[in-house]
Amino acid sequence: MKRIKRKQLKEDEFVTTINKIIRFIKKRTKELIALVVIVLIGILIFAGVRFVKSRINKREARTLSQIIKLNSELNDNPDSVEKLEELAGGGKFSALANVYLATYWIENGDFDRAISLLEKVEKGKKDIFYFQAKDLLAKIYMRKKNYDKAIEIYKRIEEDNPSVYSLDVILFNLAEAYEKKGDVEGALALYKRIKEQFPMTSYGYDASQKVLRLEKEK
């Protein structure tokens with residue numbers, strides 16, 4: 001008899017619990033529906049963002065591939081120059097396109113055109129292509145014997161202290177600009193710094209040779 005009563009009590013508790021849940025659902029139907037809708041919207045937004053990102057990545061990969069392909073065709077196909085100029089007008093890899101075009105015009109002896117392309121690379125993310133453009137621009141000014149301008153660019157890169165571009169290269173080029181300008185003391189100070197900070201690199205070795213030579217000439 002006691003077992004039957006305990007069983008009935010358990011069944012009554014179960015029924016009561018179910019009834020409470022049903023009453024709660026009926027009372028909170030709108031709130032629950034709103035919650036489900038919010039969760040679904042969140043899932044859709046997350047899925048949409050991932051889809052858009054994947055499409056952007058694919059488009060960027062195609063653009064980069066196209067820039068590299070056009071660069072390889074520059075000397076054989078003059079039409080590639082115009083197409084590459086279009087890609088150099090804007091976008092994530094416009095700096096790289098400008099570097100390729102500038103290199104092409106340097107090889108063809110048109111330094112002024114190369115400078116105009118590289119000077120466009122001013123704004124946006126300072127990635128490796130940005131610093132390649134600035135390094136190349138400074139090299140052109142070195143060839144034009146405008147050492148002050150080259151020094152200005154190299155010092156700006158040094159201040160940025162980029163993690164994506166070798167600082168020993170920039171410092172060595174800066175030291176050479178000082179040396180060619182005739183500022184031996186400025187060049188010697190930089191060569192010594194490179195020798196101390198980058199002793200295991202080729203630029204560190206070259207800098208140590210420069211130090212020996214310049215100190216003998218003093």
Side-chain angles (χ1 to χ4, degrees), residues 41-144 146 149-150 152-174 176-177 194 198 200-204 206:
I41 289 172
I43 292 170
L44 287 172
I45 289 172
F46 178 74
V49 168
R50 291 197 64 178
F51 174 75
V52 170
K53 281 185 176 180
S54 68
R55 291 295 296 272
I56 290 172
N57 290 336
K58 287 178 182 177
R59 187 164 65 246
E60 287 177 349
R62 283 197 299 269
T63 301
L64 178 59
S65 177
Q66 188 179 5
I67 289 172
I68 294 170
K69 183 174 182 295
L70 287 169
N71 176 60
S72 67
E73 297 171 351
L74 282 176
N75 293 319
D76 301 320
N77 184 7
D79 293 337
S80 299
V81 176
E82 186 177 346
K83 291 177 182 176
L84 196 54
E85 283 174 347
E86 291 176 7
L87 294 170
K92 185 175 180 179
F93 302 110
S94 60
L96 178 61
N98 277 301
V99 168
Y100 281 151
L101 282 168
T103 303
Y104 170 79
W105 290 116
I106 290 168
E107 290 171 353
N108 284 274
D110 195 338
F111 291 158
D112 291 335
R113 195 160 183 176
I115 288 172
S116 68
L117 286 164
L118 294 169
E119 285 182 339
K120 292 178 183 177
V121 185
E122 288 293 340
K123 297 178 181 179
K125 185 179 179 182
K126 290 186 177 181
D127 54 15
I128 188 170
F129 306 129
Y130 170 89
F131 291 109
Q132 280 179 338
K134 294 306 169 188
D135 189 8
L136 185 56
L137 181 60
K139 283 184 171 69
I140 296 172
Y141 280 119
M142 288 273 284
R143 290 182 68 171
K144 289 171 72 69
N146 188 344
K149 189 67 178 176
E152 179 188 330
I153 295 168
Y154 281 131
K155 287 182 79 172
R156 207 179 304 148
I157 298 174
E158 181 191 1
E159 288 170 6
D160 287 330
N161 192 22
S163 59
V164 294
Y165 212 75
S166 298
L167 188 59
D168 56 341
V169 177
I170 298 304
L171 292 176
F172 192 87
N173 291 339
L174 177 58
E176 284 198 322
I194 298 164
F198 308 96
M200 303 304 292
T201 69
S202 60
Y203 286 96
D206 290 341

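- Within the model, atoms CD of Glu176 and CG of Leu174 stand 10.0 Å from one another, a figure rounded to the nearest 0.5 Å.
- Put simply, CG on Asp127 and CZ on Phe93 are 8.5 Å apart, with the number rounded to the nearest 0.5 Å.
- Judged as a salt bridge (Lys or Arg N to Asp or Glu O under 4.0 Å), and not counting sequence neighbours, Glu86 has no contacts.
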What verdict does the side chain to side chain contact (heavy atoms under 4.5 Å, CB included) test give for Thr103 and Glu107, after you've listed the backbone C-alpha separation in whole Å, the side-chain angles of each residue and the deciding distance to 0.1 Å?
CA-CA 6 Å; Thr103 303; Glu107 290 171 353; 3.8 Å; yes
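- Rounding to the nearest 0.5 Å gives a distance of 8.5 Å between CD1 of Ile170 and OG of Ser166.
- Classification of Lys155 and Glu159 as a salt-bridged pair fails, no side-chain N sitting under 4.0 Å from a carboxylate O.
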Determine, step by step, whether Val164 and Tyr130 satisfy the side chain to side chain contact (heavy atoms under 4.5 Å, CB included) criterion, reporting the C-alpha distance in whole Å, the side-chain angles of both residues, the deciding distance to 0.1 Å, and the verdict.
CA-CA 10 Å; Val164 294; Tyr130 170 89; over 6 Å; no
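- Of the inter-residue distances, the one linking Tyr165 atom OH with Ile157 atom CD1 reads 7.0 Å to the nearest 0.5 angstrom.
- Across all non-hydrogen atoms, the minimal contact from Phe129 to Val99 is O-CG2, 4.0 Å.
- Every residue meeting the ring-ring contact (aromatic ring centres under 6.0 Å, His included) condition with Phe172, not counting sequence neighbours, appears here in chain and number order: Tyr191, Tyr203.
- Partners of Tyr141 by ring-ring contact (aromatic ring centres under 6.0 Å, His included), not counting sequence neighbours: none found.
- Between the Asp160 side chain and the Pro162 main chain, no donor and acceptor come within less than 3.5 Å of each other.
- Within a 6.0 Å radius of NZ in Lys139, other residues, nucleotides and ligands contribute more than 12 heavy atoms.
- Counting all heavy atoms, side chain and backbone alike, Leu117 lies closest to Ala102 at CD1-N, 3.8 Å.
- Asn77 places a side-chain N or O within 3.5 Å of a backbone atom of Asp79 that can act as its donor or acceptor partner.
- Considering only heavy atoms from C-beta on, Lys149 stays 4.5 Å or farther from Leu137 through its side chain.
- Salt bridge annotation for Lys120-Glu85: absent, with no cationic side-chain nitrogen under 4.0 angstrom from a carboxylate oxygen.
- Atom CG in Leu171 sits 5.0 Å away from atom CD1 in Ile194 (nearest 0.5 Å).
- Once rounded to the nearest 0.5 Å, the distance linking CG of Asp112 with CH2 of Trp105 reads 12.0 Å.
- The shortest non-hydrogen separation linking Ile153 to Lys134 is CG2-O, 3.4 Å.
- Applying the salt bridge (charged side-chain N to carboxylate O under 4.0 Å, His left out) test to residues at least two apart or on different chains, none of the pairs has a partner in residues 163-173.
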Determine all donor-acceptor pairs shorter than 3.5 Å in which one atom belongs to a side chain in residues 64-76; sequence neighbours excluded.
from, atom 1, to, atom 2, distance (Å)
Lys69, NZ, Glu73, OE2, 2.6
Ser72, OG, Lys69, O, 2.5
Glu73, OE1, Ser80, OG, 3.4

Check against side chain to side chain contact (heavy atoms under 4.5 Å, CB included), Lys144 and Ile115
CA-CA 11 Å; Lys144 289 171 72 69; Ile115 288 172; 3.7 Å; yes
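- With sequence neighbours excluded, the residues forming a side-chain contact (heavy atoms from CB on, under 4.5 Å) with Arg143 are Ile106, Phe111, listed by chain and number.
- The main-chain N or O of Ser94 is found under 3.5 Å from a side-chain atom of Asn98 such that the two form a donor-acceptor pair.
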